[in-house]
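Structure first, then comments.
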Amino acid sequence: MATTIQLNSVEKRYGAHDVIRGIDLDIKPGAFTVFVGPSGCGKSTLLRMIAGLESISGGDLMIDGARMNDVAAARRGIAMVFQSYALYPHMSVYKNLAFGLETAGYKRKEIQQRVNDAAATLQITDYLHRKPKALSGGQRQRVAIGRSIVRDPKIFLFDEPLSNLDAELRVQMRVEITKLHERLGNTMIYVTHDQVEAMTMADQIVVLRGGKVMQAGSPLELYNEPANQFVAGFLGSPKMNFAPVRVADGGAVTLDRHRIEVNRPLQVAPGEDLTLGIRPEHIGIGEGPGQTLGEAQVDLVEHLGGSTVLHVRPQFGHEPLTVVLPGQHTCRTGDVVTLRIDPADCHFFDGEGRAIRG
Amino acid sequence: MSAYDAIEGGKSAARPETSGWLARAIHRNGAGYLFLAPWLIGFFCLTLGPALVSLYLSFTDFDLLTSPEFVGAQNYVRMVTADAKFAAAIRVTLVYVALSVPLKLAFALAIAMVLNRGMRALPAYRAIFYLPSLLGTSVAIAVLWRQLFAADGFVNSLLATVGIEGPSWISNPNYSLYTLVVLSVWQFGSPMIIFLAGLRQIPADMYEAASLDGASSRRQFLRITLPLLSPVIFFNVVIQTIEAFKAFTPAFIISGGSGGPINSTLFYTLYLYQEAFSYFRMGYASALAWVLVIIIAIFTAFSFLTTKYWVHYDD
């Protein structure tokens with residue numbers, strides 16, 4: 001039976017400095033939850049508070065309905081994979097995997113069984129006699145994960161576990177961790193600053209900024225309906241384009257002097273200033289459906305093979321825009337293209353960055 | 001070829017041919033050797049030269065006043081067959097090394113672990129704890145120690161306040177060596193600083209991972225701290241053991257140079273000093289010095305041989 005985690009107004013203070021500011025969060029049993037946010041947003045601190053490695057200054061941490069604030073880390077049923085792997089360099093891989101089981105007083109035969117099972121799962125059986133220094137980064141990462149699964153914990157915590165790996169290995173380990181979650185079905189919390197990891201791995205993403213939750217929800221929910229400009233800009237690569245607009249009469253906004261028909265009620269008084277957000281992949285060029293946005297000059301073209309990224313300078317505004325076109329295009333720097341959008345893809349944010357739903 | 005080499009090469013080509021590699025080396029790197037000269041002079045004149053001379057003298061009956069006569073291995077034979085004081089000095093020194101080194105290192109490690117927990121005035125504490133190491137081997141501290149452990153000294157005054165009548169620590173052969181061990185342990189600052197630096201190199205997440213595994217503080221100390229600190233422990237063991245074998249000043253001051261009472265503080269170096277400068281048996285003293293060198297070399301070699309069993313290097 002997988003485990004639920006609840007955070008009720010959880011706070012963390014270092015002296016007068018608030019690091020975590022009243023976080024409320026429900027993590028469902030068996031969910032793969034990703035804490036994501038920029039450096040210093042408090043995501044690792046929050047993870048360490050759940051692990052019991054940091055004290056909780058205020059609020060309640062509940063695991064399966066029991067308050068855990070004052071429960072020792074070892075008694076929370078949690079295993080954690082550290083960014084640095086935290087493997088004991090003087091022990092063999094086998095000893096690293098067995099350490100927690102030996103500490104817990106398991107019999108030698110059961111330790112052997114569990115270690116061998118974990119090693120087989122993670123394909124590290126051949127390395128059991130080696131010291132960590134004789135392993136590659138990916139192999140060390142597997143050992144670190146192995147060390148957490150041998151104890152059969154209720155909850156797995158991952159603190160930026162892939163950040164020390166190269167790009168190719170990161171993709172591979174991402175898939176393996178996701179498969180591991182599917183196989184084990186345990187509740188997992190994963191911290192990363194990489195929004196691609198967040199989008200690809202999570203059942204639930206929690207976007208943090210300044211010690212507060214900006215938005216929590218499924219990856220597509222956050223992508224399609226960001227609650228604020230920060231979340232809209234943080235998720236998606238390349239990031240969402242933003243441009244200042246003014247609300248006009250008749251369900252439209254004006255961008256510079258260019259009128260965009262929104263085709264949905266914004267419930268904002270005409271004349272009010274908003275920020276328009278539109279994702280690069282939602283801007284098209286040339287003839288096609290949607291509204292013409294105006295002409296723009298191409299500053300830079302990035303050919304990615306499967307898609308083409310244009311950096312353009314619109315003639316109707318001052319902000320440069322990024323456009324992602326599917327497939328391969330023959331655009332060149334200096335070309336002038338006509339931009340078009342579907343108003344349904346437009347996001348609007350008020351002066352405080354809050355999303356305005358139509 | 002660098003510009004410097006080109007210029008040097010040009011100079012060499014212009015000069016007449018010199019004979020011998022030494023002359024060529026001096027010619028090419030003259031400035032370097034000039035800067036090295038103070039150290040080279042010191043090494044050859046004050047270290048290597050006297051060492052080789054003492055090796056020669058150890059096979060003679062040199063007495064400072066007459067020319068040395070070669071006596072073969074007689075000095076070494078006498079040491080092991082007819083010198084009870086040599087055996088006493090060896091015994092006292094081994095007891096001193098065996099007690100003072102582990103106690104000092106254990107104390108230094110304990111204090112380093114306390115300081116490693118994070119303190120606001122850590123630099124001040126570090127300096128205070130290091131101070132005895134700077135002063136400890138001085139004559140003044142040895143004199144102070146003598147006053148502290150005398151029959152009417154501070155320690156006995158302190159014991160008297162709780163109704164205990166203490167012995168005369170330094171004039172009782174049952175206790176005198178142990179007062180020197182205590183003095184040695186008190187000079188824990190130097191290994192402590194090294195331990196502290198070593199402890200700070202152990203990543204905090206090792207302990208965090210262990211605490212998540214439910215490891216107690218004791219288990220973390222035994223299974224993580226000690227193994228990861230083992231290179232530093234090894235270094236401290238070797239250095240402190242050599243220092244302990246060489247200890248001289250405290251015993252000389254506290255016993256008034258006699259090594260007494262009843263040879264109970266007759267450190268090896270003190271006995272060597274007596275033979276050389278009290279009895280003017282410089283040849284015999286030289287032989288004693290070389291035996292000490294061999295003892296220390298054997299110990300150090302043995303220590304290095306054991307490293308594969310207990311010292312864990314990360315690279």
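Just so we're on the same page: letters track the sequence lines, and every chain starts at 1. Atom set for the values below is all heavy atoms of this structure, side chains included, hydrogens, waters and symmetry mates excluded.
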Discussion item. For B/Y175, is the OH atom crowded, meaning more than 12 foreign heavy atoms sit under 6.0 Å from it?
Written reply: no

So, the part of B/A210 with a heavy atom under 4.5 Å from chain A: the answer is both

Do A/M80 and B/E208 have side chains that get closer than 4.5 Å, going by heavy atoms? no

One should read off an interatomic distance between A/K133 NZ and B/Y313 OH, to the nearest 0.5 angstrom, of 11.0 Å

- Query: Around atom CZ of B/F234, are there more than 12 heavy atoms of other residues, nucleotides or ligands at under 6.0 Å?
  - Reply: yes

Closest heavy-atom pair, A/L53 versus B/S211, reported as atoms and distance to 0.1 Å, is CD2-OG, 3.7 Å

So, the part of A/R76 with a heavy atom under 4.5 Å from chain B: the answer is neither

Quiz item: Quick check: are there more than 12 heavy atoms from other residues, nucleotides or ligands sitting under 6.0 Å from OH of B/Y125?
Solution: no

Ordered numerically, the heavy-atom neighbours of chain B under 4.5 Å found in residues 82-93 of chain A are A/F82, A/S84, A/A86, A/L87, A/Y88, A/P89, A/H90, A/M91

d(A/L157 CG, B/L212 CG) to nearest 0.5 Å is 8.0 Å

Discussion item. Please determine whether the number of non-hydrogen atoms from other residues, nucleotides or ligands lying under 6.0 Å from atom CZ of B/R117 exceeds 12.
Written reply: no

Could you give me the CA-CA distance, side-chain angles and deciding distance for A/F99 and B/R219, then say whether side chain to side chain contact (heavy atoms under 4.5 Å, CB included) is met?
CA-CA 11 Å; A/F99 182 82; B/R219 186 168 166 81; 3.9 Å; yes

Pair count under 4.5 Å, heavy atoms only, with chain B: among A/R75, A/E102, A/K131, highest is A/E102

Value for CZ (B/R223) from NZ (A/K95), rounded to nearest 0.5 Å, stands at 6.0 Å

State whether the number of non-hydrogen atoms from other residues, nucleotides or ligands found under 6.0 Å of B/F302 atom CZ is greater than 12.
-> no

Counting heavy-atom pairs under 4.5 angstrom with chain B, the leader among A/P153, A/A74, A/A104 is A/A74

